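A quick write-up on the structure given underneath.
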Amino acid sequence: MKGPVEVTFLDGDDSDDDDRWYYSPRREAVLCIGDDLALVDVTFPVDDMDTNPWFRGIARLCRGHRLRAPLVVGLVALRGRAPPYNWCPWDASGVRGHPRDPRNPIRCVAIWVGGSHALVYQPCCDRGSSKYTGGVLPFSEGGCKMARLRAFLRDRRVTVACVGAREAAEKLAEEWEVDVARPVELTDLFARAFGKVTGVDAVKPPKEPEPDRRWMTTSALLRAEAKAEAAAAKEDYYSYSKRGKRPVAEVVKGLSMERMAHVALGPEMRLAPWPEKAADADWGSCYLEKSDWKYAARDAYLCFEIAAVCLQKLGAPVGN
């Protein structure tokens with residue numbers, strides 16, 4: 001049996017002492033998955049202004065999309081320590097445990113929109129900020145307005161596929177003031193599309209209480225039954241977050257990104273889990289290494305590709 005495919009930057013340089021790459025005005029790289037499985041152009045903006053060329057580049061994808069054929073986006077939300085502790089990795093006083101601790105905020109997002117467009121963005125926070133106790137992060141006033149990111153994710157034509165979509169959307173709204181209009185739980189999509197193959201069941205949402213039929217007239221009862229049948233017929237994955245009428249589905253336990261990719265994208269997409277060093281990375285730190293960033297871009301790519309395959313298998317339209 002073949003081993004997992006490699007995930008590297010196309011230049012083959014994953015060295016972590018590449019200061020020229022880290023301190024360049026606008027970091028870019030080409031991510032290679034396997035020999036020829038995927039090539040991903042990745043932008044790592046240093047500040048908010050550096051995101052403008054990326055959003056201009058995908059603008060044509062957003063034009064003309066109708067709600068019945070939304071633009072699907074893969075998103076990965078990465079936690080890290082809040083300032084001021086992220087500036088002093090050698091000083092652990094007051095730090096909220098592990099970087100992935102649920103109490104820690106989201107400090108970085110990776111977004112993939114298909115084609116070859118990926119963005120991995122870690123907005124800067126003020127160094128002199130006081131101890132973070134929750135709420136909106138103290139982003140730098142000069143360069144972190146995130147206007148384009150906010151406009152993109154709050155567009156109802158954009159469906160955002162993510163593992164842990166409900167929590168990610170809530171935390172981005174609370175900590176980044178970014179509204180994700182249509183989040184979709186990736187593990188739920190996978191379970192509904194490939195559940196019979198993998199033996200995984202989606203988490204069913206709680207049923208609404210049935211009306212008291214004892215006091216209903218025959219005509220009222222028939223109307224209620226017709227309404228319920230019509231709602232069941234129209235149910236799809238986009239309706240879970242449409243205008244907030246339905247909650248985002250819950251995470252299906254036991255599904256890793258690697259397992260979903262292997263089933264949905266084919267047996268050749270055999271990927272290894274994140275190495276321990278990258279999995280334990282603090283995404284609020286200024287000392288992230290080049291070898292860490294590629295896994296964020298990889299998972300954003302996988303979120304989109306898996307979601308697109310699942311939606312098409314379920315008969316739902318995909319605009320990109």
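Computed from a predicted model, the values in this text were never measured in an experiment. Side chains included, hydrogens not; waters and symmetry mates left out as well; all remaining heavy atoms used.
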How about [X] and [Y]: do any of their side-chain heavy atoms sit closer than 4.5 Å?
{"X": "W54", "Y": "V113", "answer": "yes"}
{"X": "V42", "Y": "K294", "answer": "no"}
{"X": "L137", "Y": "W176", "answer": "yes"}
{"X": "L71", "Y": "R157", "answer": "no"}
{"X": "V109", "Y": "V178", "answer": "no"}
{"X": "L153", "Y": "L75", "answer": "yes"}
{"X": "M269", "Y": "E305", "answer": "no"}
{"X": "V40", "Y": "W112", "answer": "yes"}

Answer yes or no: does atom CD of E6 have more than 12 heavy-atom neighbours from other residues, nucleotides or ligands under 6.0 Å?
->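 Open: at most 12 neighbouring heavy atoms sit under 6.0 Å from CD of E6.
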If you compare all heavy atoms of [X] against all heavy atoms of [Y], which two are closest, and at what distance to 0.1 Å?
{"X": "P4", "Y": "L271", "value": "CB-C, 3.9 Å"}
{"X": "L31", "Y": "R298", "value": "CD2-N, 3.7 Å"}
{"X": "V5", "Y": "E268", "value": "CG1-O, 3.5 Å"}
{"X": "K277", "Y": "S291", "value": "NZ-OG, 3.9 Å"}
{"X": "I111", "Y": "L149", "value": "CD1-CD1, 3.6 Å"}
{"X": "T51", "Y": "P45", "value": "CG2-CG, 3.6 Å"}

In Å and rounded to the nearest 0.5 Å, what is the [atom1] to [atom2] distance from [X] to [Y]?
{"X": "L186", "Y": "M257", "atom1": "CG", "atom2": "CE", "value": "6.0 Å"}
{"X": "H262", "Y": "I306", "atom1": "NE2", "atom2": "CD1", "value": "12.0 Å"}
{"X": "L78", "Y": "Y295", "atom1": "CG", "atom2": "OH", "value": "14.0 Å"}
{"X": "E170", "Y": "E175", "atom1": "CD", "atom2": "CD", "value": "10.5 Å"}
{"X": "F139", "Y": "M146", "atom1": "CZ", "atom2": "CE", "value": "4.0 Å"}
{"X": "D48", "Y": "R148", "atom1": "CG", "atom2": "CZ", "value": "9.5 Å"}

In sequence, state the C-alpha distance, the side-chain angles, and the governing distance for D101 and R79, and then conclude on side-chain contact (heavy atoms from CB on, under 4.5 Å).
-> CA-CA 8 Å; D101 190 305; R79 297 180 189 272; over 6 Å; no
Side chain to side chain contact (heavy atoms under 4.5 Å, CB included) partner of L119, the single match among F44, F152, F55 = F55
Could you check V73, V76, V72 and say which one makes a side chain to side chain contact (heavy atoms under 4.5 Å, CB included) with C303?
-> V76
If we ignore hydrogens and angles and just use 3.5 Å, is the side chain of [X] paired with the main-chain N or O of [Y] as donor and acceptor?
{"X": "E174", "Y": "G134", "result": "no"}
{"X": "E185", "Y": "R166", "result": "no"}
{"X": "R107", "Y": "R81", "result": "yes"}
{"X": "K313", "Y": "F194", "result": "no"}

Same cluster for V251 and L189 if Ile/Leu/Val/Met/Phe/Trp/Tyr side chains link at under 4.5 Å?
->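 V251 and L189: separate clusters.
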With hydrophobic residues grouped by side-chain heavy-atom distances under 4.5 Å, do V136 and L172 end up in a single group?
->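 No, no single cluster joins them.
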Test side-chain contact (heavy atoms from CB on, under 4.5 Å) applied to F190 and L255, step by step = CA-CA 9 Å; F190 178 85; L255 289 176; 3.7 Å; yes
Please assess V200 against R259 for the test side-chain contact (heavy atoms from CB on, under 4.5 Å), listing each intermediate value before the final yes or no.
-> CA-CA 12 Å; V200 177; R259 181 185 179 189; 3.9 Å; yes
In terms of side-chain geometry, is the basic nitrogen of D280 or R100 positioned less than 4.0 Å from the acidic oxygen of its partner?
->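 Judged by the 4.0 Å cut-off on N to carboxylate O distance, D280 and R100 do form a salt bridge.
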